[in-house]
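Worksheet: the structure to be examined is printed underneath.
For clarity, every value in this text was computed on a predicted model and none was experimentally measured. All values below were derived from every heavy atom in this structure, side-chain atoms included, with hydrogens, water molecules and symmetry-related copies excluded.
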Amino acid sequence: MQPQPFLIAVADGSIARFLELPGPGKALRPSALASIAHEHDPSRAIASDRPGRSFESASPTRHAVQPKSDPHDYEKSRFAAEVGKTLNQALEADRRLRLVLVAAPVFLGRLRKAIAPGLRSRIHAELAKDLVHETNERMPRHLSAILPVG
């Protein structure tokens with residue numbers, strides 16, 4: 001019987017990189033999946049219109065109206081969907097593959113939702129930490145509690 005491989009997705013709101021663990025006791029290595037980076041534009045470029053203005057009900061004073069959505073939040077959700085699509089394709093391509101998600105807590109929730117419902121059972125573990133800038137050499141120390149890293 002062959003050892004079960006793991007795909008580790010390490011992501012934040014704008015960068016996703018992928019590692020693989022071929023089996024228990026083996027060393028982590030970069031995955032064949034290409035890293036994904038998404039540059040977020042400044043708010044002034046994303047939402048080019050000024051916020052609307054409204055009158056106060058009891059006086060002629062006017063106030064800016066806050067937008068109902070955050071453009072950066074929307075961009076991060078789109079990025080999570082893009083990363084989820086890549087992960088879904090990888091899980092479909094290899095039925096033995098188990099998934100480990102490593103992301104900041106808020107982005108981890110978005111990433112979890114981006115995984116296809118039929119593939120969510122293949123999530124082996126989750127780690128709510130922003131480790132996207134951590135080196136590959138130091139990554140085993142963070143993952144040793146949830147993976148059999150050698």
Side-chain angles (χ1 to χ4, degrees), residues 1-52 54 64-150:
M1 186 166 116
Q2 290 186 352
Q4 191 171 48
F6 294 93
L7 174 63
I8 300 111
V10 183
D12 67 5
S14 60
I15 298 172
R17 62 191 181 98
F18 307 100
L19 303 169
E20 59 185 45
L21 180 66
K26 306 277 182 163
L28 283 176
R29 63 183 186 207
S31 173
L33 293 175
S35 295
I36 304 171
H38 181 74
E39 186 77 26
H40 296 299
D41 292 329
S43 293
R44 67 182 178 279
I46 297 173
S48 60
D49 292 341
R50 286 184 25 194
S54 70
V65 177
Q66 291 295 323
K68 293 191 187 310
S69 63
D70 178 15
H72 285 280
D73 192 48
Y74 175 73
E75 289 296 318
K76 289 177 183 180
S77 293
R78 283 186 47 209
F79 182 67
E82 182 181 348
V83 174
K85 181 179 176 183
T86 300
L87 293 173
N88 289 333
Q89 290 171 348
L91 290 171
E92 285 290 337
D94 187 351
R95 292 282 179 193
R96 298 176 305 125
L97 203 58
R98 301 288 291 170
L99 182 62
V100 176
L101 300 175
V102 180
V106 173
F107 194 74
L108 181 61
R110 289 183 177 143
L111 204 51
R112 189 182 308 119
K113 289 178 187 174
I115 303 297
L119 299 174
R120 288 183 188 154
S121 64
R122 305 223 341 245
I123 297 175
H124 174 75
E126 297 175 348
L127 183 60
K129 282 187 174 181
D130 187 0
L131 299 176
V132 79
H133 298 293
E134 188 69 79
T135 63
N136 289 351
E137 292 77 27
R138 293 182 52 164
M139 196 63 73
R141 120 177 17 154
H142 298 285
L143 298 176
S144 63
I146 57 174
L147 280 177
V149 181

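For the side-chain contact (heavy atoms from CB on, under 4.5 Å) with Leu19, the lone residue among Leu33, Ile8, Val100 that qualifies is Ile8.
Between the side chains of Arg17 and Asn136, at least one donor N or O lies within less than 3.5 Å of an accepting N or O.
Nearest heavy-atom pair, Ala90 versus Leu97, reported as atom, atom and distance to 0.1 Å: O-CD2, 3.8 Å. Closest approach of Pro22 to Lys26, counting heavy atoms only: CD-CB, 3.9 Å. Nearest heavy atom pair, residue Ala11 against residue Phe107, reads CB-CE2, 3.7 Å. Across all their heavy atoms, Val83 and Ala16 have their closest contact at CG2-CB, 3.6 Å. Contact record, Ala80 with Ala114: O-CB, 3.4 Å, taken as the closest heavy-atom pair.
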Practice item. Take Ser31 and Leu7 through the side chain to side chain contact (heavy atoms under 4.5 Å, CB included) test and state the conclusion after the steps. Key: CA-CA 8 Å; Ser31 173; Leu7 174 63; 3.8 Å; yes

Practice item. For side chain to side chain contact (heavy atoms under 4.5 Å, CB included), just list the numbers for Leu108 and Val102, CA-CA rounded to whole Å, side-chain angles, deciding distance to a tenth of an Å, and then say yes or no. Key: CA-CA 7 Å; Leu108 181 61; Val102 180; over 6 Å; no

Point to revise | Stepwise side chain to side chain contact (heavy atoms under 4.5 Å, CB included) test for Phe6 and Glu20 | key: CA-CA 6 Å; Phe6 294 93; Glu20 59 185 45; over 6 Å; no

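Between the Asn88 side chain and the Ala116 main chain, a donor and an acceptor come within less than 3.5 Å of each other.
Between Ile146 and Leu127, the closest side-chain pair of non-hydrogen atoms falls below 4.5 Å. Residues Thr86 and Phe18 form a side-chain contact, since some pair of their non-hydrogen atoms from C-beta on lies under 4.5 Å apart. Residues Val10 and Met139 are in side-chain contact: their nearest non-hydrogen atoms beyond the backbone lie under 4.5 Å apart. Pro5 is listed as a side-chain neighbour of Arg96, based on a closest heavy-atom distance under 4.5 Å.
The CZ atom of Phe79 sits 7.0 Å away from atom CG of Asp12, with the distance rounded to the nearest 0.5 Å. Atoms CG and CG, on Leu119 and Leu87 in that order, are 10.0 Å from each other to the nearest 0.5 Å. Once rounded to the nearest 0.5 Å, the distance linking NZ of Lys76 with OG of Ser14 reads 7.5 Å. Rounded to the nearest 0.5 Å, atoms CD1 (Ile115) and NZ (Lys85) are 13.5 Å apart. We find the CG-CZ distance between Leu147 and Arg98 to be 11.0 Å, quoted to the nearest 0.5 Å. The NE2 atom of His38 lies 5.5 Å from the CZ atom of Arg78; values are rounded to the nearest 0.5 Å.
Remark: Glu82 engages no residue in a salt bridge (Lys or Arg N to Asp or Glu O under 4.0 Å) (not counting sequence neighbours).
Contacts classified as salt bridge (Lys or Arg N to Asp or Glu O under 4.0 Å) and involving residues 114-130 (residues at least two apart or in different chains) are given here: Arg112-Glu126.
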